[in-house]
**Student:** 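Sending over a structure as structure tokens; questions will come in a sec.
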Amino acid sequence: QVQLVESGGGLVQAGGSLRLSCAASGRTFSISAMGWFRQASGKEREFVAAINWPGSTTYYADSVKGRFSLSKDNVKRTVYLQMNNLKPEDTAVYYCGSRRGNVASTGVQEYAYWGQGTPVTVSS
């Protein structure tokens, strides 16, 4: 199994920045991609960004392109989501997921393991 732990969420004003981290442990050799999703209150979980692992190809939702960026540290088995110019509509619980056997996907159902989530609140 793979264990994922997110951190870095919090309260920020519109236009501010946050950096989320997702640390993987366990059978990390099986990971082929890691993705970030978010779920706002009363809404379905939606794709935010993903990165292939190994490799570094990244994918972003249109709503965050140019504002969010992904990076990873192979040694620490950690993926980072840098979020800039945050907007109130970015408010949600952010979840990290890991996929095995294929490249990154935008589909929630393609990710086998999930972290507990970290809340992000953007005030106007």
**Student:** Which heavy-atom pair separates Asn85 from Asp90 by the least distance, and what is that distance?
**Tutor:** O-OD2, 4.5 Å
**Student:** Any cation-pi pair here, Arg99 with Trp53, using under 6.0 Å and within 45°?
**Tutor:** no
**Student:** Are the side chains of Leu70 and Tyr59 in touch, meaning some heavy atoms are under 4.5 Å apart?
**Tutor:** no
**Student:** Tell me whether Thr91 contacts the main-chain N or O of Pro88 through its side chain, where contact means a donor paired with an acceptor under 3.5 Å.
**Tutor:**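 At least one qualifying donor-acceptor pair exists.
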**Student:** If every non-hydrogen atom of Met34 is compared with every non-hydrogen atom of Ala24, which pair is closest and at what distance?
**Tutor:**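 Taking every non-hydrogen atom into account, CE-CB, 4.3 Å.
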**Student:** Under the 3.5 angstrom rule, does the side chain of Thr78 hit a backbone N or O of Ala23 as a donor-acceptor pair?
**Tutor:**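 No.
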**Student:** Taking Lys65 first and then Asp62, would you say they form a salt bridge - that is, a charged N and a carboxylate O separated by under 4.0 Å?
**Tutor:** yes
**Student:** Have Ser17 and Asn84 got a donor and an acceptor in their side chains that come within less than 3.5 Å?
**Tutor:** yes
**Student:** Inspect the surroundings of CD in Gln116 and state if more than 12 heavy atoms from other residues, nucleotides or ligands are less than 6.0 Å away.
**Tutor:**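 Atom CD in Gln116 is packed in, count exceeds 12.
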**Student:** Without swapping roles, check the side chain of Thr121 against the backbone of Leu11 for a donor-acceptor pair under 3.5 Å.
**Tutor:** no
**Student:** Hey, are the side chains of Val75 and Arg77 touching, using non-hydrogen atoms and a 4.5 Å cut-off?
**Tutor:**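 Heavy-atom side-chain distance check fails, nothing below 4.5 Å.
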**Student:** Are the side chains of Tyr113 and Ile31 in touch, meaning some heavy atoms are under 4.5 Å apart?
**Tutor:** no
**Student:** When you measure from the side chain of Asp73 to the backbone N and O of Lys76, does any donor-acceptor pair fall under 3.5 Å?
**Tutor:** yes
**Student:** Ser124 and Ala14: which non-hydrogen atoms are nearest, and at how many Å?
**Tutor:** CA-CB, 4.3 Å
**Student:** Establish, yes or no, whether a centroid distance under 6.0 Å links the rings of Phe37 and Trp114.
**Tutor:**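 Centroid distance Phe37-Trp114: below 6.0 Å, so yes.
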**Student:** Apply the side-chain contact (heavy atoms from CB on, under 4.5 Å) test between Val48 and each candidate in Tyr95, Tyr60, Tyr94; give the one that qualifies.
**Tutor:**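 The side-chain contact (heavy atoms from CB on, under 4.5 Å) with Val48 is passed solely by Tyr94 among Tyr95, Tyr60, Tyr94.
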**Student:** For Phe47 and Thr106, work out which heavy atoms get closest and say how close.
**Tutor:**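 What the structure gives for the nearest pair is CB-O, 3.4 Å.
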**Student:** I need the minimum non-hydrogen distance between Leu4 and Ser98, along with the two atoms involved.
**Tutor:** CD1-N, 3.6 Å
**Student:** Is there a side-chain contact between Lys43 and Arg38, using heavy atoms and a 4.5 Å cut-off?
**Tutor:**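 Result no, sub-4.5 Å side-chain heavy-atom pair not found.
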**Student:** Which heavy atom of Ala50 sits nearest a heavy atom of Ala104, and at what distance?
**Tutor:** CB-CB, 3.6 Å
**Student:** Is a donor on one side and an acceptor on the other found under 3.5 Å between the side chain of Gln39 and the backbone of Val93?
**Tutor:**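 Pair absent, no side-chain N/O of Gln39 close to backbone of Val93.
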